Structure formats: structure tokens, C-alpha cells
Number of protein chains: 2
Amino acid sequence: MEYKKILKRKKLKITPKRIAIINYFLKKDKYATPFDVWIYLKKNFKKIGLPTIYRNLEEFEKIGILTKIKGEENRFYYGICKMLNKKHHHHIICTSCHKISDFELCNFEQIKGEIEEMTNFEIKEHQFFLKGICKDCKEGGVNEKI
Amino acid sequence: MEYKKILKRKKLKITPKRIAIINYFLKKDKYATPFDVWIYLKKNFKKIGLPTIYRNLEEFEKIGILTKIKGEENRFYYGICKMLNKKHHHHIICTSCHKISDFELCNFEQIKGEIEEMTNFEIKEHQFFLKGICKDCKEGGVNEKI
DNA sequence: ATCTAAATAGAAATAATTTCTATTTAGATA
DNA sequence: TATCTAAATAGAAATTATTTCTATTTAGAT
Ligand SMILES: [Zn+2]
Ligand SMILES: [Zn+2]
Ligand SMILES: [Zn+2]
Ligand SMILES: [Zn+2]
């Protein structure tokens, strides 16, 4: 598990629950709410609190293991980030099955300067937020869930 | 008020509160939570409910008058969209004063196809999410609030 | 095997958002 | 201008998401 290395590097202890959370996202490969994660983990950990989930998801986002996104309703979702290398990249979400993929191609730098001039802002950070339909869903694929 | 026209076109009634909400955002020119809006409108409308604010902000987002964004904490913010024409555009937010500006320059189409190939997604929608520092803040400008 | 700081459980508080019903009102129409 | 109706609102309450707190447990260092 490459993710363990990251936890170590970031001085986070490797607990069974943390591993389970990461595995959940790896297996599911789709975005999920803290509540979703909780419901699932409860199968294997009779005693697990929702605050534990919230705390860990937040930490995982900080260290780049997860990305946090605004779902269609007023809730936040998390999805796993497969690009553990530090490289610049963005994510795309399937509006049908909520799968998340990442990609590195980015041409934002080309227009950054011009936008800065036009808006009088100094740009510090950019994110692409892409939505689409994944191949599986396009082909009417089954929507296997965890 | 160009915004009135939009309300009419969208069959929304023009009520004093709706006008006040739009004016609030126009004058403030920064993003705000429903709660912020409520506190402000209460000055002029002794009787105004928070649900009214929520309802209207949501409607305004639907018709393109406002944009909804995820703030630094777990809350949603709204900012006014000055580009009432239907043209494709994006927004940039000042992390210091929360001002929102819009701009039309976008080169995403150039890489869209390649991303679709690489990810096997059919891209339906893209948003840029930019953060930066506005000119006023860079110059240590006063942070006049409404 | 022992120790300590970090992680967790569990309960409770807080805060955001939505729902519901009775009342009011914008704007259409006569 | 007066009347009417669907849309908008108030106000209270419910629901849901998220955070905080304290006592207890545990990972990993020694
Ligand atoms: Zn899909
Ligand atoms: Zn980029
Ligand atoms: Zn600013
Ligand atoms: Zn664009």
C-alpha cells in the first residue's frame, strides 16, 4: 500500500480504521460522503464514531490522499486521488456513477497571465472542475457499488 | 436594473426583498453566506425569514444571477455574476477580501478532446475555480465592507 | 514490556439547511 | 382601479451535517 508510506511520511499513525477508509475508497473508486464511509466501516468495526470519519477524511484531504468536492445537494463528498506523486493534475467526475478520475493535461498556464491582466487579480491557485460521463456509464454498464 | 429583466424573463416576481438581495450583492461585490444576507436585509425588513433567503439564493443561482461556491469552511457562499449575457465565462475569487470577478478567456476546448481520450470520459461541463489576490488587497487597500 | 502522544468512542452541542402551514402580495385581468 | 390567483413569504419546527469535548484506547517509539 503506497498510501501507508504517505501516512508515515506525514507522521500519521497507521490504524486499522485509516487503512479501512483508504481501502473503501480504493475499492469503490467513487466519491462518497462521510456518512457513506461510516455506514460501510461499521460492518467491520462495530464501534466506530462518525467524528472519526470526519477527522480522518479531513486529514486525508490535507495530505492529498482525498479530494473534497461539492456534490449536487448541499453536502461534501470525498474521492480518492490516485496521483500520489506531487504532479499537477485535475479530476473529473462521472455525473452518473460518481466515479472520479484524474489526469495531468493542463493548459491553464497559457492563459493565466492574460487573465491576471484583465481581472487585476494575482492568481494563486486554479482548479478545473469537470463533469462528464464515464465509459462504463456511456455503454450502459452496470453500476457496481461497493 | 438589468436584473429585473432577467427575473421577468424567468417568470419570477419582482419583490422588494428580491431586489434588496440583488442590491446587496451588487453593492458588496463579494461573496456571502445566506446568513450574511439575512443579517443585512433584516435592517430594512423587520420581518424576513432565513428560509426566504435560502429559497431566493437558490433560485438566483438557477437562473444565473448568482454563483455558488464552497468557502474555506464547510459552508456555501454566493457571489453575484456580472456577466448576464449567456457567454461562457468563469470566476475568480480573492482569498483576502472575497471579491468575485468574472472573465471570458478560456482555452479549455483546446485540450478537452485529449482529456476525453485519456480518461475515457465524455466531458459535459467544465468550471475553472480560481483563487487569487485582487489588486486592492495587494496594495494593502482598505477592506470596505457593506 | 513500557511509555506517551496521537487516535478514538460516545455523547452532546452547534450550526446549516429544509420543510410545513397559514398568511401576504405581485402582477395579471376585468 | 378593483378583484383575483398563483407565487412568495413568515414563522416555527424538523432535519441533517458537522464539530466539540472528555475519558479511554492504541500505535509505534524506546
Ligand atoms: Zn460513470
Ligand atoms: Zn491545472
Ligand atoms: Zn481582495
Ligand atoms: Zn471555460
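Chain A is the first sequence line, chain B the second, and so forth, proteins listed ahead of strands; every chain is numbered from 1. In this text the structure is predicted, and so the values were computed from the model without any measurement.
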*Would you indicate whether the side-chain heavy atoms of A:Cys134 and A:Cys97 approach each other to under 4.5 Å?*
yes

*Just wondering, do B:Asn56 and B:Thr15 contact through their side chains at under 4.5 Å, heavy atoms?*
no

*Base, backbone or nothing for each nucleotide of nucleotides 9-14 of chain D, written B, S, -, heavy atoms under 4.0 angstrom, 5' to 3'?*
BSBB--

Whole-Å gap separating [atom2] ([N]) and [atom1] ([X]):
X	N	atom1	atom2	answer
A:Leu7	C:dA7	CG	P	10 Å
B:Tyr77	C:dA15	OH	C1'	13 Å
B:Trp38	C:dA15	CH2	P	14 Å
B:Leu12	C:dT25	CG	P	19 Å

*Side-chain N or O of B:Tyr54 less than 4.0 angstrom from OP1 or OP2 on C:dT18?*
no

*asked:* Does either side chain, that of B:Tyr40 or that of B:Lys27, offer a donor lying less than 3.5 Å from an acceptor on the other one?
replied: yes

*Listed partners of A:Asp102 passing side chain to side chain contact (heavy atoms under 4.5 Å, CB included), at least two apart*: A:Cys81, A:Lys82, A:Met83, A:His89, A:His91

*Measure from the ring center of B:Tyr78 to the ring center of B:Tyr31 and say whether it is less than 6.0 Å.*
no

*With a 6.0 Å cut-off on ring centres, are B:Phe128 and B:Phe103 close enough?*
no

*salt bridge (charged side-chain N to carboxylate O under 4.0 Å, His left out) partners of residues 49-65 of chain A, not counting sequence neighbours, each pair once*: A:Arg18-A:Glu59

*Taking only Lys NZ, Arg NE, NH1 and NH2, and the carboxylate oxygens of Asp or Glu, determine whether A:Glu122 and A:Lys124 approach each other closer than 4.0 Å.*
yes

*Please report how far the helix from C:dA1-D:dT30 to C:dA30-D:dT1 bends, comparing the axis fitted to its first five pairs with the axis fitted to its last five, to the nearest 10 degrees.*
40°

*May I ask you to decide if the ring planes of A:His126 and A:Phe108 are parallel, tilted or perpendicular, using 30° and 60° as cut-offs?*
parallel

_Qualifying residues under side-chain hydrogen bond (donor to acceptor under 3.5 Å, both in side chains), relative to B:Glu125, sequence neighbours excluded_ = none

Is there any protein nitrogen or oxygen under 3.5 Å from a nitrogen or oxygen in nucleotides 3-5 of chain C, and what are the pairs?
none

